[in-house]
K.L.:
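The structure follows.
First the proteins, then the strands, lettered A, B, ... as listed; each starts at 1.
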4 protein chains.
Amino acid sequence: MTDADTRHTIMAATYEALCEVGYSDLTAQAIADRTDRSKSALFYHYDSREELVAAFIEYLIDGFDGRLEQIDDRPPLEQLTAFVDWFLSGPDDDQVAFHTAFLELRAQAPYNELYREKLRESDDRLREAIETILRNGIESGDFQEHDPETVAALLLATFDGARIRQFTLGRDEYLETVREETAARILADVLAPGVELPAESQVEFPRDERFHDGDAGDRPE
Amino acid sequence: MTDADTRHTIMAATYEALCEVGYSDLTAQAIADRTDRSKSALFYHYDSREELVAAFIEYLIDGFDGRLEQIDDRPPLEQLTAFVDWFLSGPDDDQVAFHTAFLELRAQAPYNELYREKLRESDDRLREAIETILRNGIESGDFQEHDPETVAALLLATFDGARIRQFTLGRDEYLETVREETAARILADVLAPGVELPAESQVEFPRDERFHDGDAGDRPE
Amino acid sequence: MTDADTRHTIMAATYEALCEVGYSDLTAQAIADRTDRSKSALFYHYDSREELVAAFIEYLIDGFDGRLEQIDDRPPLEQLTAFVDWFLSGPDDDQVAFHTAFLELRAQAPYNELYREKLRESDDRLREAIETILRNGIESGDFQEHDPETVAALLLATFDGARIRQFTLGRDEYLETVREETAARILADVLAPGVELPAESQVEFPRDERFHDGDAGDRPE
Amino acid sequence: MTDADTRHTIMAATYEALCEVGYSDLTAQAIADRTDRSKSALFYHYDSREELVAAFIEYLIDGFDGRLEQIDDRPPLEQLTAFVDWFLSGPDDDQVAFHTAFLELRAQAPYNELYREKLRESDDRLREAIETILRNGIESGDFQEHDPETVAALLLATFDGARIRQFTLGRDEYLETVREETAARILADVLAPGVELPAESQVEFPRDERFHDGDAGDRPE
DNA sequence: TATGAATGAGCCTTCATTCAT
DNA sequence: GATGAATGAAGGCTCATTCAT
């Protein structure tokens with residue numbers, strides 16, 4: 001119905017607005033302002049602000065799948081490391097703003113079934129991705145025998161918790177500490193003996209380029 | 001300036017309102033409605049809604065200390081278990097509403113220095129509490145030698161992440177899974193050999209009774 | 001310019017929408033929704049919503065003439081009775097919704113010359129119709145000598161007032177009472193001595209079939 | 001709760017706005033503009049625009065009772081005449097605007113239970129008033145024996161219908177004609193033999209002075 | 001002939017905050 | 001100490017209408 005271009009325009013504006021003003025100030029106007037369209041146009045394409053946001057979550061999920069494929073061919077340990085570092089990324093990362101705002105949005109989910117539904121889908125994808133990595137690692141012998149499903153849940157909870165505490169408390173230590181402790185206490189029994197989580201990942205989990213068209217990205221130095 | 005009674009009245013009303021309507025609907029009116037005072041009274045006692053909320057966080061912290069003492073004399077393992085179960089409490093827990101709303105509030109912290117400051121204090125207390133338990137456990141020989149500081153951070157992140165995913169996704173599995181995996185993968189190396197995390201805690205981490213004056217609490221039915 | 005078929009499609013949709021949502025919710029979208037055309041199409045065929053509505057009133061008038069003819073050959077008293085019962089129809093009548101909405105529209109006429117003009121034409125037709133019946137009744141000897149013009153005006157006012165009070169107050173008594181009192185106090189001096197208004201009409205004043213193509217009508221159940 | 005003065009201010013503004021812009025343009029802003037208060041103030045005193053309007057209908061009713069008393073002591077025929085002329089008032093009457101707008105409001109009643117309820121109360125009062133006059137007239141011998149209840153309903157319907165047709169069609173004839181015909185055909189059998197409806201009433205049914213504080217009223221030339 | 005997209009103006013309502021009393 | 005009244009700024013949403021295609 002809404003053509004891909006318009007959809008992208010609105011979704012990108014939503015992303016920008018979210019990063020710049022946060023979820024609780026994510027007004028229709030704030031989105032429209034980052035668009036060459038009027039506020040009314042948003043309501044032409046989406047029935048309500050809520051539906052627009054739900055569509056945005058879905059848009060994120062769509063992008064996630066593609067980004068996964070980009071590191072598909074890497075060995076399991078590299079993929080896992082990429083994941084860890086994506087989650088526990090440094091505070092200078094330009095995704096901090098986004099994740100911060102997205103936490104606000106997630107905090108609404110208990111009150112909003114539509115959001116909750118979409119976030120569940122997102123959770124499914126994420127867990128499946130990690131499970132697949134773990135499973136592949138077991139197969140390849142890089143990882144020990146274990147239950148990928150429960151380990152995935154544990155890792156996700158831990159990383160998410162660390163990230164949230166980092167953002168909300170402004171305490172970057174959480175990331176560092178949790179990365180190290182995860183490596184030492186959780187992954188020690190998951191990785192094959194002798195295998196260790198590299199200090200830094202060799203592949204980076206790719207960014208959602210749809211939101212970073214013009215600008216630098218992983219500028220060196 | 002504001003006497004203790006008035007303060008408590010307002011803080012209790014804030015707690016109630018938070019549980020009933022969530023943070024984003026926590027209007028001055030919503031709080032006043034749960035008070036025998038007028039909306040204006042709130043602004044007489046607190047300069048702004050923001051300050052009131054900040055004061056509320058502080059009020060929570062004040063209560064926390066007292067509650068800690070109530071299980072002070074228990075052996076370290078029991079205290080740890082109480083902590084675990086407090087965090088990973090079942091979905092029927094009447095504190096779910098509060099934690100859900102409080103997550104909304106925490107999600108504002110990145111945008112609000114006042115909140116962030118208070119939440120940091122809260123984080124300090126919580127971490128210290130866990131560190132103390134861990135330290136005592138080492139001393140008593142119930143726990144193995146380890147760095148209480150980093151383990152506390154790991155546990156906090158993991159539990160918090162599990163709880164948040166439970167609430168926001170409506171997926172209770174996270175709690176169960178994470179409790180089990182934490183016991184098996186993290187605590188296995190923290191508890192002394194042969195010591196295990198009990199399936200259920202013997203002491204309950206005490207509730208904040210200031211908010212549960214009149215009503216039932218843990219009355220059996 | 002606009003061919004008869006398109007015109008009918010739009011007019012019928014307007015009728016439907018009017019019945020279903022009332023005049024104040026009679027948006028262009030509401031009409032288009034009951035059409036296989038787009039909202040824009042309405043503005044292609046009519047310069048404005050106002051003109052469309054004005055055209056609709058005219059369309060009603062056009063239909064009225066034809067329906068009149070259908071009872072043309074009946075004796076004056078029967079025709080008069082048909083009129084009375086059409087106006088003072090029971091609350092189960094499926095025309096209630098239409099008349100209710102049409103009252104809203106009529107209430108706009110004082111502010112809208114275009115509507116007023118059309119409604120005047122409608123009033124003319126209606127009054128003429130009644131006058132003709134009355135005149136024919138005088139001629140045929142069924143009615144006493146009287147001034148058909150003023151009596152028509154009196155009847156119209158009385159019936160209309162009764163109907164409006166019924167609809168707006170939800171008080172069906174008005175219809176019954178006014179029918180009886182009209183018979184006893186007004187028509188007593190209009191009908192020839194010994195002639196009485198039948199309790200129920202033998203002919204029904206015909207419906208506008210253009211709006212009831214497919215559906216039942218007065219099919220018995 | 002809302003003190004009488006404020007209430008009057010808002011109700012008077014509502015009256016003015018209604019007269020000047022009609023019901024369908026009776027926005028909160030339109031009312032506030034005729035007040036020295038802000039739009040928000042309206043919502044402080046009334047929960048919604050709808051409730052404000054409902055309160056306005058009630059305010060009208062309150063006023064009506066008092067105005068009735070002002071002609072309480074007049075003989076029945078005079079009172080009846082006052083009523084007739086109030087209803088069938090000339091087009092220059094400054095109440096035309098109000099009645100016109102009020103018709104719009106009444107036309108919403110079928111869709112709005114709150115309005116309908118209030119309008120029913122208004123209908124009750126009006127009918128009782130006329131019934132009382134009729135009853136008194138029978139007692140005093142000025143009127144013939146008849147059923148005041150049904151006659152009141154008939155008169156009300158007739159006058160209301162005439163007025164509505166006058167306003168909506170811009171046809172003043174309705175008033176004149178209906179007044180004459182009512183006198184000749186309806187009241188002829190209601191008034192005692194020899195008693196006639198005066199061409200013009202001697203008492204005027206009093207205006208609602210709450211809405212006409214400063215200005216002229218019936219000042220001659 | 002028709003439409004999808006878009007928009008500006010406007011509406012109702014909410015809310016933190018102020019202030020005179 | 002406390003409150004009732006009030007308000008400005010904003011927000012989500014609607015709708016008649018326009019216009020390029």
K.L.:
Would you say C:Tyr44 reaches E:dA2's phosphate, i.e. side-chain N/O to OP1/OP2 under 4.0 Å?
P.N.:
no

K.L.:
Of D:Ser48 and B:Ser48, whose closest DNA chain E nucleotide lies nearer the 5' terminus?
P.N.:
D:Ser48

K.L.:
Which whole-number value in Å describes the distance from B:Asp47 CG to F:dG1 C1'?
P.N.:
15 Å

K.L.:
What I'd like to find out is whether the side chain of B:Val53 reaches to under 4.5 Å of the side chain of B:Gln108, using heavy atoms alone.
P.N.:
no

K.L.:
Just how far, in rounded Å, is P of E:dT1 from CZ of C:Arg7?
P.N.:
15 Å

K.L.:
Which pair of non-hydrogen atoms, one from D:Arg106 and one from D:Pro110, has the smallest distance, and what is that distance?
P.N.:
O-CD, 3.5 Å

K.L.:
Could you check whether the rings of B:His99 and B:Phe167 sit parallel, tilted or perpendicular, using 30° and 60° as the cut-offs?
P.N.:
parallel

K.L.:
Would you mind pulling out the nucleotide paired to F:dA20, Watson-Crick or G-U wobble, both distances under 3.5 Å?
P.N.:
E:dT3

K.L.:
So, is A:His45 close to the E:dG4 phosphate, meaning a side-chain N or O under 4.0 Å from OP1 or OP2?
P.N.:
no

K.L.:
Can you check the A:Tyr46 OH to F:dT14 P distance for me, whole Å?
P.N.:
17 Å

K.L.:
Taking all atoms of both residues into account, what is the closest heavy-atom pair of D:Thr14 and D:Leu26, and its distance?
P.N.:
O-CD1, 4.0 Å

K.L.:
When you compare the side chain of B:Arg37 with that of B:Tyr44, does any pair of heavy atoms fall below 4.5 Å?
P.N.:
no

K.L.:
In residues 35-42 of chain D, what residues come within less than 4.0 Å of DNA chain E, judged by heavy atoms?
P.N.:
D:Lys39, D:Ser40

K.L.:
Is NZ or CZ of D:Arg49 both nearer than 6.0 Å to the six-membered ring centre of D:Tyr23 and within 45° of the ring axis?
P.N.:
yes

K.L.:
By nearest heavy atom, map C:Arg49 and B:Thr6 onto DNA chain F; which one lands nearer the 5' end?
P.N.:
B:Thr6

K.L.:
Which of parallel (below 30°), tilted (30 to 60°) and perpendicular (above 60°) describes D:Phe211 and D:Phe56?
P.N.:
tilted

K.L.:
Please list residues of residues 16-32 of chain A whose heavy atoms come under 4.0 Å from any atom in DNA chain F, ordered by number; otherwise none.
P.N.:
A:Thr27, A:Ala28

K.L.:
Inspect the contact between D:Arg210 and D:Asp62 and indicate whether a charged nitrogen and a carboxylate oxygen are less than 4.0 angstrom apart.
P.N.:
no

K.L.:
Under the salt bridge (charged side-chain N to carboxylate O under 4.0 Å, His left out) test against D:Lys118, which residue among D:Glu50, D:Glu113, D:Glu58 passes?
P.N.:
D:Glu58

K.L.:
Over how many whole Å does the gap from D:Phe43 atom CZ to F:dG8 atom C1' extend?
P.N.:
14 Å

